[in-house]
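Quick notes on the structure that follows.
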Amino acid sequence: MFPYVSPEQQMKDRADFARKGIARGRAVIGVVYEAGVLFVAENPSSLHKIGELYDRLAFAAVGRYNEFESLRRQGIRMADVLGYQYARQDVTGRSMANAYANALGAAFSEPQKPFEVELLVAEVLQDGVELYHILYDGSISVEDGFVAIGGQADAISTALSERVEPSADLASCLRAARGALASVEDR
């Protein structure tokens, strides 16, 4: 006989499990600057947390490497197929973020363990940048200015808000991101 667990408790336990796995990872910062987007991560290993998905599309992730690497590769394949079947312009940050959200949401509600990942997808457009933050449960938020994901994301976001200025150039955004990461390391 199996013990009964309410659906609410089961979802809460799954969310706690995923958040704990993500919190162990080193943070990634996404900052929108005057001419594009900058992803910064402290990554002493050779594992790639940041990469390109397609033209004008970037990807960054924290959490379990094997899980986000699998998602990154699936995203690249999907973007290639969409671009080939339709047109390169049909591959957008929004479509990729929705695909990732669907995959993560389905895995979160299935009986097996949820993904322990958080993702960023950025699209550089003619008139700005769209920055999508996708959580382990498939929820998406569109971010303005900057976002930090992974371990100590709240403290890094606070430090970034004190350092990042709207419409800053690349060099000052990089200094701000490195300073925010360093300020959290000291704690």
Side-chain angles (χ1 to χ4, degrees), residues 22 25-45 47-63 65 67-69 71-80 82-83 87-104 117-136 138-184:
I22 293 166
R26 296 180 185 263
V28 172
I29 298 172
V31 181
V32 176
Y33 69 98
E34 63 185 353
V37 64
L38 170 70
F39 285 160
V40 178
E42 178 191 3
N43 192 14
S45 71
L47 304 177
H48 302 289
K49 300 172 85 162
I50 298 170
E52 180 184 25
L53 288 176
Y54 203 66
D55 299 342
R56 309 168 334 274
L57 295 179
F59 172 93
V62 295
Y65 176 75
E67 293 177 352
F68 70 69
E69 178 63 12
L71 289 167
R72 184 188 69 81
R73 287 175 184 238
Q74 290 172 11
I76 290 170
R77 285 188 201 109
M78 186 184 121
D80 282 343
L82 279 174
R88 296 184 80 77
Q89 299 85 337
D90 292 332
V91 182
T92 64
R94 181 176 303 276
S95 67
M96 296 305 297
N98 285 334
Y100 283 130
N102 288 336
L104 291 173
V117 297
E118 245 180 282
L119 309 175
L120 291 177
V121 174
E123 180 179 16
V124 178
L125 303 166
Q126 294 288 351
D127 58 346
V129 173
E130 288 184 354
L131 184 60
Y132 300 95
H133 180 195
I134 304 114
L135 295 176
Y136 55 87
S139 50
I140 301 176
S141 60
V142 179
E143 303 292 340
D144 290 327
F146 64 87
V147 64
I149 62 173
Q152 300 179 323
D154 293 336
I156 293 170
S157 291
T158 302
L160 270 174
S161 66
E162 297 167 356
R163 291 178 166 85
V164 173
E165 298 174 18
S167 68
D169 65 341
L170 177 61
S172 60
C173 285
L174 181 58
R175 275 192 304 276
R178 291 182 68 194
L181 284 173
S183 72
V184 173

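Considering every non-hydrogen atom in both Phe146 and Ser157, the closest pair reads CE1-O, 3.7 Å. Contact between Ala60 and Val28 at its shortest, heavy atoms only, is CB-CG1, 3.7 Å. Residues Gly151 and Ile156 come closest through the heavy atom pair O-CD1, 3.9 Å. Summarising the geometry of Val37 relative to Ala122, their closest heavy-atom pair is CG1-CB, 3.8 Å, with the distance given to 0.1 Å. Among all heavy-atom pairs drawn from Glu118 and Gly150, the shortest one is OE1-N, 4.0 Å. Pairing each heavy atom of Ala176 with each of Leu160, the nearest pair is O-CD2, 4.0 Å.
Screening residues 121-132 for salt bridge (Lys or Arg N to Asp or Glu O under 4.0 Å), with sequence neighbours left out, gives Arg56-Glu123. Residue pairs meeting the side chain to side chain donor-acceptor pair (under 3.5 Å) criterion with at least one partner in residues 171-180, sequence neighbours excluded, are Asp169-Ser172.
Here the side chains of Leu135 and His133 are in contact, with some heavy-atom distance below 4.5 Å. At least one side-chain heavy atom of Phe39 sits less than 4.5 Å from a side-chain heavy atom of Leu120. Proximity of Ile29 to Leu181: side-chain heavy atoms (C-beta onward) are separated by under 4.5 Å at one or more points. Looking at heavy atoms from C-beta onward, Asp90 lies out of side-chain contact with Leu82 at the 4.5 angstrom threshold.
Partners of Glu143 by salt bridge (charged side-chain N to carboxylate O under 4.0 Å, His left out), not counting sequence neighbours: none found. For Asp55, the salt bridge (charged side-chain N to carboxylate O under 4.0 Å, His left out) partners are Arg88, not counting sequence neighbours. Remark: Tyr100 pairs with Phe59 by the ring-ring contact (aromatic ring centres under 6.0 Å, His included) rule, at least two apart or across chains. Residues passing the salt bridge (charged side-chain N to carboxylate O under 4.0 Å, His left out) test with Arg26, sequence neighbours excluded: Glu42.
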Stepwise side-chain contact (heavy atoms from CB on, under 4.5 Å) test for Phe68 and Lys49: CA-CA 8 Å; Phe68 70 69; Lys49 300 172 85 162; 4.1 Å; yes

- prompt: Yes or no on side-chain contact (heavy atoms from CB on, under 4.5 Å) for Ser183 and Arg163, after CA distance, side-chain angles and deciding distance?
  reply: CA-CA 11 Å; Ser183 72; Arg163 291 178 166 85; 4.0 Å; yes

Worked verdict on Leu174 versus Val40 for side-chain contact (heavy atoms from CB on, under 4.5 Å): CA-CA 8 Å; Leu174 181 58; Val40 178; 4.0 Å; yes

task: Would you check, one step at a time, whether the test side-chain contact (heavy atoms from CB on, under 4.5 Å) holds for Val142 with Leu131?
output: CA-CA 6 Å; Val142 179; Leu131 184 60; over 6 Å; no

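Checking side-chain atoms of Ser95 against main-chain N and O of Val91 turns up no donor-acceptor pair under 3.5 Å.
Annotation: Glu52, atom CD; neighbour count of heavy atoms from other residues, nucleotides and ligands within 6.0 Å is above 12.
With respect to Ile140, the side chain to side chain contact (heavy atoms under 4.5 Å, CB included) criterion is satisfied by exactly one of Leu104, Asn98, Val121: Asn98.
Distance check, rounded to the nearest 0.5 Å: OG1 of Thr92 to CG of Leu57 gives 7.5 Å.
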